[in-house]
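Please read the structure below before turning to the comments.
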Amino acid sequence: MEELKIITPAIKLDQLVKYAGFSETGAKAKILIDLGEFNVNGELCTKRGKKIKPGDVIEFKNKKYKVVFDEESAAAATAEENSEEK
């Protein structure tokens with residue numbers, strides 16, 4: 001099972017679909033979700049605003065992906081934001 005790393009505590013399904021590269025645009029992500037192309041934790045999900053959290057398993061095209069929190073990248077993003085504010 002592949003991992004999908006996120007740097008936030010949660011992400012909406014449509015944002016994850018685009019971020020993971022399953023679609024090129026948000027509009028295409030919405031269409032894929034509306035067509036029932038995704039399972040979340042073993043259940044069909046057609047709600048594009050569904051909150052996805054670390055530990056959730058997404059299934060797309062018969063492949064499963066585990067969502068994990070990427071602490072290193074999250075820390076780096078926070079440090080970058082803090083340096084830009086100064």
Side-chain angles (χ1 to χ4, degrees):
M1 183 178 318
E2 290 184 46
E3 292 184 343
L4 293 177
K5 295 181 179 183
I6 61 173
I7 61 170
T8 56
I11 186 170
K12 292 180 183 178
L13 180 59
D14 60 345
Q15 294 171 331
L16 181 67
V17 169
K18 186 177 171 193
Y19 173 75
F22 298 139
S23 76
E24 298 102 33
T25 67
K28 288 183 182 178
K30 179 184 182 291
I31 292 168
L32 288 173
I33 294 166
D34 287 344
L35 289 173
E37 295 291 326
F38 292 91
N39 284 344
V40 178
N41 297 325
E43 294 184 17
L44 176 67
C45 185
T46 57
K47 296 179 183 176
R48 65 180 190 210
K50 168 88 173 151
K51 294 273 186 182
I52 307 299
K53 300 175 196 134
D56 287 343
V57 175
I58 309 300
E59 187 173 351
F60 176 62
K61 294 190 176 183
N62 295 319
K63 287 186 77 175
K64 292 184 180 183
Y65 304 86
K66 184 171 185 174
V67 178
V68 297
F69 183 68
D70 186 350
E71 291 184 40
E72 280 185 35
S73 294
T78 301
E80 186 175 315
E81 284 177 13
N82 290 340
S83 69
E84 289 176 2
E85 290 176 4
K86 292 181 181 180

Where the side chain of N41 meets the backbone of V57, is there a donor-acceptor pair that is under 3.5 Å apart? yes
Nearest heavy-atom approach of K18 to G26 is CD-N, 3.7 Å
Could you please spell out the steps behind the side chain to side chain contact (heavy atoms under 4.5 Å, CB included) verdict for C45 and L13? CA-CA 9 Å; C45 185; L13 180 59; 3.9 Å; yes
If you measure from CD on E3 to CE on M1, what distance do you get to the nearest 0.5 Å? 9.5 Å
Taking the side chain from Q15 and the backbone from K12, do they hold a donor-acceptor pair closer than 3.5 Å? yes
List the atom of G55, the atom of K66, and the distance in Å for their closest heavy-atom pair. CA-CE, 4.2 Å
What I'd like to find out is whether the side chain of I6 reaches to under 4.5 Å of the side chain of P54, using heavy atoms alone. yes
Determine, stepwise, if the pair V68 / L4 fulfils side chain to side chain contact (heavy atoms under 4.5 Å, CB included). CA-CA 6 Å; V68 297; L4 293 177; over 6 Å; no
Which pair of heavy atoms, one from F38 and one from V17, lies closest together, and at what distance? CZ-CG2, 3.5 Å
For K47, what residues pass the salt bridge (Lys or Arg N to Asp or Glu O under 4.0 Å) criterion, not counting sequence neighbours? none
Are F60 and E37 close enough that some pair of their side-chain heavy atoms sits under 4.5 Å apart? yes
Find the distance between CG (L16) and CG (D56) and round it off to the nearest 0.5 Å. 9.5 Å
N39 side chain vs G42 backbone, donor-acceptor pair below 3.5 Å: no
Specify the closest pair of heavy atoms between K5 and D70, including all atoms of both residues, with the distance to one decimal. CD-OD2, 3.6 Å
Given the rule that I, L, V, M, F, W and Y join up when any side-chain heavy atoms are under 4.5 Å apart, are V40 and Y65 in one cluster? yes
Let me see the working for K64 and I58 under side chain to side chain contact (heavy atoms under 4.5 Å, CB included), right down to the final yes or no. CA-CA 6 Å; K64 292 184 180 183; I58 309 300; over 6 Å; no
Evaluate the side chain to side chain contact (heavy atoms under 4.5 Å, CB included) criterion for residues Y19 and D14: first the C-alpha distance (whole Å), next the side-chain angles of each, then the deciding distance (0.1 Å), finally the verdict. CA-CA 9 Å; Y19 173 75; D14 60 345; over 6 Å; no
